[in-house]
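Within every chain, numbering begins at 1; the chains are lettered A, B, ... in the order of the sequence lines, protein sequences first and strands thereafter.
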Amino acid sequence: MKTKTFRRYQAQEIEAKWQKRWEETGLYKTVQDPSRPKYYALTMLPYTSGDLHIGHWYAMAPSDARARFHRMKGYNVFFPVGFDAFGLPAENAAIERCIHPHKWTMGNIEHMRKQLRSMGAMWAWDREAITCLPEYYKWTQWFFLKFYERGLAYKKWAPVDFCPRCNTTLAREQVWGEDRHCERCGTQVIKKDLEQWFLRITNYSEELLDGLEEIDWPERVKAMQQNWIGRSEGAQVVFRAEAGDDIEVFTTRPDTLWGATFMVLAPEHPLVDKLTAEPRRESVQAYKFQASRQSEIERLSAERDKTGVFIGAYAVNPVNGERVPIWIADYVMMTYGTGAIMAVPGHDERDFAFAIRYGLPIIPVIARPDAVAKSLVFPGSVQDMHAFADQLRDAGIDFSAAPVGSLGDGLFVMLQGEEQIDHYVDMMREELQPNNWNEVVGARWAFIFADGVRAFDSVEADREILARCQALYPAVRQYRTLMEMLHSLPFYRDILFHAEYGTMINSGAFSGTPGDRAKGAVTEWLAERGIGGPQVNYRLRDWLISRQRYWGSPIPIIYCEECGIVPVPYQDLPVLLPDDAQFMPTGESPLRYHQGFLNAACPRCGQPAERETDTMDTFVCSSWYHYAYVSPYYDGDVPFDPEVGRYWLPVDQYTGGIEHATMHLMYTRFFTKVMRDLGLVDFDEPMLRLFNQGIILGEDNEKMSKSRGNVVNPDDYVATLGADAVRAFLMFIGPWHLGGSWSSTGIEGTHRFVNRMWSLVLEEPPPPGEAPPADAIAALRRMTHKTIARVTADMHSFKFNTMLAALMEFNNYLVKAKETSVYATAAWDDAIRSLILMVAPVMPHLAEELWEQIGGQYSVHTRPWPQWDEELAADEVITLVVQVNGHVRARLTVPAETTEEQARAAALDNPNVRRHIEGRQVLKMIYVPGRLVSVVVR
RNA sequence: GGGGCGGUGGCGGAACGGCAGACGCUGCGGACUUAAAAUCCGCUGGACCUAGGUCCAUGAGGGUUCGAGUCCCUCCCGCCCUACCA
């Protein structure tokens, strides 16, 4: 069968041939063509690490395939690429290897361009942008100035996260994990008090949240951004310290205000020093010191035990005039809300733990929605334990008898509902022995004494009842509050505290307010009385962009002794990085020690002044790179050509990893909103659709890392099997959004596919046979059109794995069909052409070569995507499944146009079906057209 | 604690509520070859078996349905994000 002229597929030769040809003919040159709908497909730009690893391929190759698909579908597709070129590794290389960051970076880019070319992707190289070039960062600085003008860039002293290894500050979202390590190098961060530049992203909190609704992004990313923004609705309340200072707190539970029995400030709260009473000053200072160290040292060892100290001052609870002590504790964060809380130990788990530990009063102010109460009947507290137990049983009350310490058997009573509780209290009042008491806790808070029942409903009641109990039972003297006493009994522990909404109790005039109205009613009342009101709080913090490093865009600011902070005038941009800086790991920017850079004339008064030496977080550069792409290094008044921007923007489809959910993807949305406010764009969101690919793992199903030795180098496979086989395999591994693991044997599958398709199209045909029967032609057409439908749908919905499965099936089908007489018919030619066209986005080189070999017009990548015809794709015969009581009993091959009557009859006529319904009564039959007949028998 | 994503053969994975395991890898058997590689052809979840079938199988257990991998409830396990968030 094999002939002398047939040559096996030579990937290297053919891939190189077409890459060269594509470049020469400008196949991927960007054109503005108003006659076609535009499609801006973007994949997250790579960092210039120097080497394109398999993860890059995994992110880029499927994106490229989909961009190509859209091009064939008739869109004018823009698929640009560039480099995120500023950042620490370049500078670290400079320190370690004495190579200038610029040189290191540009060398890496050179190498990465080669690797990117080997992928055979349709990159718009004519729009490449590199963020570290002055022509680029001029505009990054321009943005900074615009932000500054609008009050969106500001400088402040703040305790900031600092990576001691990278020697720079980090934004909050660049600090990862429970141990708070640096996102880049993994070193644990420390806190440093530094004056830093921030971008006021919090001005857009609400809009960043609302905007999520209008974009087609994965739920996962939206959820992460929602959580990160962390909107919570509640109330602001002002407590007045006895010294006269107002302490503002934020609470989501204003309905629990009457239960606020103390306050807690963050140790760094500005009022702490002022309010601390002299006798407490020493211990407060000690605690503050320890708290500040704690964030530096290992926080894991803190074990989350609640600790704190009383500062010796009091405030007044504005709703009931109660005097409440003020504490500081490290479980209150200065970075959230106001850095101060009203503590409601009855209904907040942390406050509860704190109050129990320090003996602070705990008063329940919200009824239990489950109406469950408990009571422990102590041995000897009723006359006759057995008789009392009988009474409980008669009343239908749930209880169990068990020993209480060494005191003998007691009764552990579980009560449910008001009626039962009332009944129990009555019974207990009858039976209680003198010099004893009994308590009901949970849905009711009552202490039953010989002379009557005392409700536990206030701090005074707490004190009084506790005193009586201590008088009756001296062992109780070790407890400072009733709750502490109750908490000492394990039986009660689960019922002393709850955080549900419920009817307000012990709350003055508000007592009885139902849980669904309580929050609103109290908030309104606070506002009326001028002591608080509704408030929305966000978790989102402003974006810290100062970095104490050299290899970033300088912040265009000059400090003048006379004029203060002076922005660099626009015409002086860019503020260039000097290329002769000294790289030393000092913890300060090398620019600090570069006199030529540091010293400048004040743009306002002309006097000697100093430049800002911090550079910008690289995420600032990448927040607008997709705008730069439309007209890189634009030389106009704005960062990109407005006319070109109007044509291409916004991004239609963005793809990339999930790791940027709360960083890049948040920042770039923020930038776009500011750009809109600046009049640069007329839309609200930068990327209309987003798709996150998963992570490619090593052969062993573990993350690829040098230490594991499981890193896959795509170059090796490209050199041996060709880029097309690598591209196809990456798409074939599994659902793109779930990621998958590399397999050096698995890639053989797509490699064989390449070869099988090659010989299918080019290997010598079989000897001519007889004219094919009409149904063989129809079957071939059916397969062709079905495959087109499947591949088109899968390509559309990112199901690259099943798309390749469909292509492989089609190829396998054609390999078999080639042996028959359908070869050399028009249907055959259509099939082969369709196959090549459909394969083109996935394996662009193979497709282009085969297309040329069958006499197709250059280039296959500009041919229209094949269409399918429903009628041609329709089956002539179908397999009808027959179930009896849900079990498959027969598979019938019937014509597609079989009627329901015929289907039922055929089903009942099948011998195996007959065997299973014999002697039974047919109750009903369900018919699903084209699929099955389900017979139900008894 | 909160949020998200998963759990299907030896492996990666398919499966509008309707034939579980498409496609591929691996393995086994065969063809070609002096031999090997490559290529091609079979078989490849388990157990029965009268060879026509039957039963068991999609993390566990319930439920809805003529019918559940798919929908609902309870639980278990894994991964990711987030977290004293007031």
Side-chain angles (χ1 to χ4, degrees), chain A residues 1-2 8 173 176-178 218-224 226-228 230-232 234 249-253 256 260 264 266 299 302 304-306 329-333 335-344 348-351 353-354 499 537-539 658-659 661-662 692 694-695 697 699 701 728-729 732-735 737-750 752-753 755-756 759 799 801-812 815 879-891 911-912 915-916 923-928 930-937:
Chain A
M1 180 71 62
K2 278 171 197 155
R8 296 193 54 79
E173 39 279 323
W176 286 11
E178 207 157 334
E219 280 311 313
R220 185 162 52 139
V221 176
K222 290 191 187 185
M224 283 168 76
Q226 265 162 22
N227 291 339
W228 194 257
R231 183 184 202 273
S232 60
V249 302
F250 170 76
T251 177
T252 52
R253 293 298 302 271
T256 65
V264 186
R299 281 178 69 115
R304 313 250 144 132
D305 258 358
K306 303 278 173 295
D330 63 4
Y331 80 92
V332 174
M333 306 290 140
T335 49
Y336 186 77
T338 62
I341 62 158
M342 61 176 214
V344 183
D348 180 282
E349 207 176 344
R350 293 152 302 162
D351 297 344
F354 192 78
N537 190 58
Y538 296 93
R539 207 185 74 109
I658 187 80
E659 66 274 14
T662 54
N692 294 116
I695 298 169
L697 301 168
E699 194 112 23
N701 224 347
F729 179 61
F732 185 65
I733 287 177
H737 69 280
L738 294 180
S741 40
W742 178 261
S743 164
S744 53
T745 51
I747 194 172
E748 279 305 325
T750 49
R752 281 177 199 144
F753 176 42
N755 290 327
R756 277 167 68 86
S759 41
K799 292 181 182 166
N801 57 332
T802 49
M803 171 199 71
L804 267 152
L807 289 171
M808 287 173 175
E809 274 180 71
F810 189 37
N811 194 66
N812 291 345
V815 167
T879 302
L880 204 57
V881 172
V882 185
Q883 295 182 345
V884 178
N885 284 358
H887 294 270
V888 176
R889 296 305 180 193
R891 297 180 179 103
N912 198 41
R915 203 159 64 78
H916 282 93
L923 294 181
K924 62 171 160 175
M925 284 173 78
I926 290 131
Y927 172 70
V928 180
R931 288 196 171 269
L932 92 164
V933 176
S934 182
V935 186
V936 188
V937 298

Q: Select base, sugar-phosphate, or nothing to describe what A/V249 touches, counting heavy atoms under 4.0 Å on all strands.
A: nothing
**Q.** Quiz item: A/S934 side-chain donor-acceptor pair to B/C66 base, under 3.5 Å
**A.** yes
Q: Tell me what A/L932 touches on the nucleic acid: a base, only sugar-phosphate, or nothing, going by heavy atoms under 4.0 Å.
A: base
Q: Determine the contact category for A/D348: base if any of its heavy atoms lies under 4.0 Å from a base atom, sugar-phosphate if only primed atoms, P, OP1 or OP2 are that close, otherwise nothing.
A: nothing
Q | A/M224 and A/I658, any side-chain heavy atoms less than 4.5 Å apart | A | yes
Q) When the distance from CZ of A/F732 to P of B/C11 is rounded to whole Å, what number comes out? A) 17 Å
Q: Could you provide the dot-bracket string of RNA chain B, using ( ) for intrastrand pairs, [ ] for crossing pairs and | for bases paired to another strand, with Watson-Crick or G-U pairs below 3.5 Å?
A: (((((((..(((.....[....))).(((((.......))))).((((....))))..(((((..]....))))))))))))....
Q: Can you check whether any acceptor in the base of B/G1 is under 3.5 Å from a donor in the side chain of A/E349, or vice versa?
A: no
Q. When syn is taken as a glycosidic angle within 90 degrees of 0, is B/G9 syn or anti?
A. syn
(Q) Of the options B/C23, B/A14, B/A86, whose atoms approach the side-chain atoms of A/V332 most closely? (A) B/A86
Q) Is A/N812 touching bases, backbone alone, or none of the nucleic acid, heavy atoms closer than 4.0 Å? A) sugar-phosphate
(Q) Are the side chains of A/F753 and A/F732 in contact, using a 4.5 Å heavy-atom criterion? (A) no
Q: Describe the nucleic acid contact of A/P735 in one word from base, sugar-phosphate, nothing, applying a heavy-atom distance below 4.0 Å.
A: sugar-phosphate
Q.
Consider side-chain contact (heavy atoms from CB on, under 4.5 Å). Of A/L932, A/V933, A/V928, which one does A/V881 pass it with?
A. A/L932
Q. Contact class for A/R231 (heavy atom, under 4.0 Å): base, sugar-phosphate, or nothing?
A. nothing
Q: Tell me what A/E809 touches on the nucleic acid: a base, only sugar-phosphate, or nothing, going by heavy atoms under 4.0 Å.
A: sugar-phosphate
Q. Within the structure shown, what part of the strands sits under 4.0 Å from A/T879 by heavy-atom distance: base, sugar-phosphate, or nothing?
A. base
Q | Most 5' of A/G740 and A/T750 on RNA chain B, judged by nearest nucleotide | A | A/G740
Q. More 5' along RNA chain B: A/M342 or A/I747, using each one's nearest nucleotide?
A. A/I747
Q.
Is it the case that B/C19 (base atoms only) and A/R891 (side chain only) share a donor and an acceptor within less than 3.5 Å, ignoring hydrogens and angles?
A. yes
